[in-house]
2 protein chains.
Amino acid sequence: MLLSKSCVYGLRASIYLATKNNSEYIPIKKMSETIEISHHFLTKILQQLTAQGLLDSYKGPNGGVRLKKPASEITLMDVVLAIDGPDLLTECALGLPGCGHQNPCPLHDKWATTRDSIKQMLESSSLEYLVERGKSEDLRLTNEGGFEKLLNG
Amino acid sequence: MLLSKSCVYGLRASIYLATKNNSEYIPIKKMSETIEISHHFLTKILQQLTAQGLLDSYKGPNGGVRLKKPASEITLMDVVLAIDGPDLLTECALGLPGCGHQNPCPLHDKWATTRDSIKQMLESSSLEYLVERGKSEDLRLTNEGGFEKLLNG
DNA sequence: CTATTTTAGGACAAAAGACTCTCTAAAACC
DNA sequence: GGTTTTAGAGAGTCTTTTGTCCTAAAATAG
């Protein structure tokens with residue numbers, strides 16, 4: 001798998017938050033039910049995003065989490081780096097330490113091209129873009145049901 | 001990580017075998033020492049490749065494994081599919097079941113493009129190509145030492 | 001037939017990832 | 001102050017991946 005499950009959950013949660021008005025905090029419990037991820041596990045993942053400065057959190061009644069920046073300024077790359085770290089974008093495809101321009105493995109050049117393509121995808125996709133696409137084409141973030149589920153839930 | 005460790009080990013072993021004359025069997029023990037992978041673990045991985053028809057194996061003295069087809073006819077894709085299976089090339093980037101053209105997630109189109117790039121890299125890289133590149137530019141398959149290590153070892 | 005070399009196969013151990021549960025701390029409301 | 005609602009943090013469990021070890025089976029050589 002390209003991304004860990006934690007990372008995928010973090011992405012789905014971030015997209016969900018991007019559908020919301022950024023002025024109110026969304027309780028993780030409610031969010032976990034809407035996007036169908038275990039409450040406690042999602043809490044742990046979002047703690048990482050909060051620690052990395054992607055989310056604001058607030059305790060107590062009417063508390064929860066929200067995006068710290070506008071959805072247009074957060075990309076998938078930000079979330080992936082916060083959860084899975086940079087390994088995907090730096091490691092050698094054959095797992096060799098120090099593989100690089102000076103000391104490459106046979107796959108190095110081709111892999112560098114592919115990696116750029118992955119990088120490009122992650123950097124060019126803002127949360128805002130994904131929400132716009134989700135809204136206009138009724139895409140989905142859950143096993144069943146379309147995008148309106150997120151907007152209402 | 002894009003590929004599992006088992007898969008990466010399988011790739012390195014396959015490239016190593018492609019440097020050899022395909023008429024003789026190479027003992028896994030010797031190979032494991034040259035490419036620096038645990039003997040028993042590598043044995044398990046190569047058993048999968050043998051079971052999938054990519055390798056021939058032979059027991060007893062002067063036994064070992066060898067490529068079943070010419071190195072020009074085996075691609076990285078063959079090895080990846082044999083070990084990691086097709087998930088990388090079929091699964092939704094957000095982990096949603098049944099994500100496809102009819103029922104996509106917001107990331108579906110962009111991910112499809114990236115996935116094609118990965119597919120392209122794996123399918124267009126034959127073992128022969130990698131060995132040629134390795135020989136001509138002294139690339140490496142191990143932590144230390146260049147390609148001649150494989151040719152001699 | 002016996003000893004040796006090699007793959008095949010299964011049981012087992014260690015580490016990492018995924019997930020659960022419980023308790024604490026902060027904030028709000030009464 | 002006491003109760004409720006929420007995130008934070010830690011311990012603990014389950015599963016998958018990674019890796020080790022031991023025995024069996026096949027082939028060869030004497």
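In what follows, every chain begins at residue 1, and chains take the letters A, B, ... in the order their sequences are listed.
For the pair A:His39 NE2 and D:dA9 P, the computed distance is 15 Å after rounding to whole Å. Across the protein-nucleic acid pair, A:Lys5 atom NZ and D:dT17 atom P stand 11 Å apart, rounded to whole Å. Whole-Å rounding puts the B:Leu42 CG to D:dG19 P distance at 11 Å. Separating the CZ atom of B:Phe41 from the C1' atom of C:dA13 is a distance of 13 Å, rounded to the nearest angstrom. Across the protein-nucleic acid pair, A:Gln48 atom CD and C:dA18 atom P stand 10 Å apart, rounded to whole Å. Straight-line distance from the CD atom of B:Gln52 to the P atom of C:dA8: 14 Å, rounded to whole Å. Taking atom CG of residue A:Asp56 and atom C1' of nucleotide C:dA26, one finds them 15 Å apart after rounding to whole Å. At whole-Å resolution of the value, CE in A:Met1 and C1' in D:dT15 are 15 Å apart.
Relative to the side chain of A:Lys44, the nucleotides C:dA8, D:dT5, C:dT20 differ in distance, and C:dT20 lies closest. Among the nucleotides D:dT5, C:dA8, C:dA18, the one closest to the side chain of A:Ser6 is C:dA18. Listed nucleotides: D:dT20, C:dA26, C:dT20. Nearest to the side chain of B:His40: D:dT20. Listed candidates were C:dT20, D:dT20, C:dC29. Nearest to the side chain of A:Ser38 is C:dT20. Candidate nucleotides D:dG19, C:dG9, C:dA28 were compared by shortest atom distance to the side chain of B:Tyr9, and D:dG19 ranks first. Among D:dA7, C:dT6, C:dA28, the nucleotide with an atom closest to any side-chain atom of B:Lys59 is C:dT6.
Using modelled atom types and a 3.5 Å distance limit, the side chains of B:Thr43 and B:Lys29 yield no donor-acceptor pair.
Within 4.0 Å of A:Ile26, counting heavy atoms only, lie sugar-phosphate atoms of the nucleic acid but no base atom. Heavy atoms of B:Ile28 sit under 4.0 angstrom from primed sugar atoms or phosphate atoms, though from no base atom.
Residue A:Ser57 has no polar side-chain atom (N or O) positioned under 4.0 Å from OP1 or OP2 of D:dT6. For the OP1/OP2 pair of D:dA27 and a distance below 4.0 Å, the side-chain nitrogens and oxygens of B:Tyr25 include no atom meeting the criterion. OP1 or OP2 of D:dT28 lies within a sub-4.0 Å distance of a side-chain N or O belonging to B:Tyr58.
Here the side chain of A:Lys119 pairs no donor or acceptor atom with the backbone of A:Met77 at under 3.5 angstrom. A side-chain donor-acceptor contact under 3.5 Å links A:Arg12 to the backbone of A:Ile35. With B:Asn152 contributing its side chain and B:Glu148 its backbone, the two residues share a donor-acceptor pair below 3.5 Å.
Positionally, the nearest nucleotide of DNA chain C for A:Leu3 lies more toward the 5' end than for the other of A:Leu3 and A:Gly60.
When side chains are defined from C-beta on, A:Leu150 counts as touching A:Thr34, because their heavy atoms get closer than 4.5 Å.
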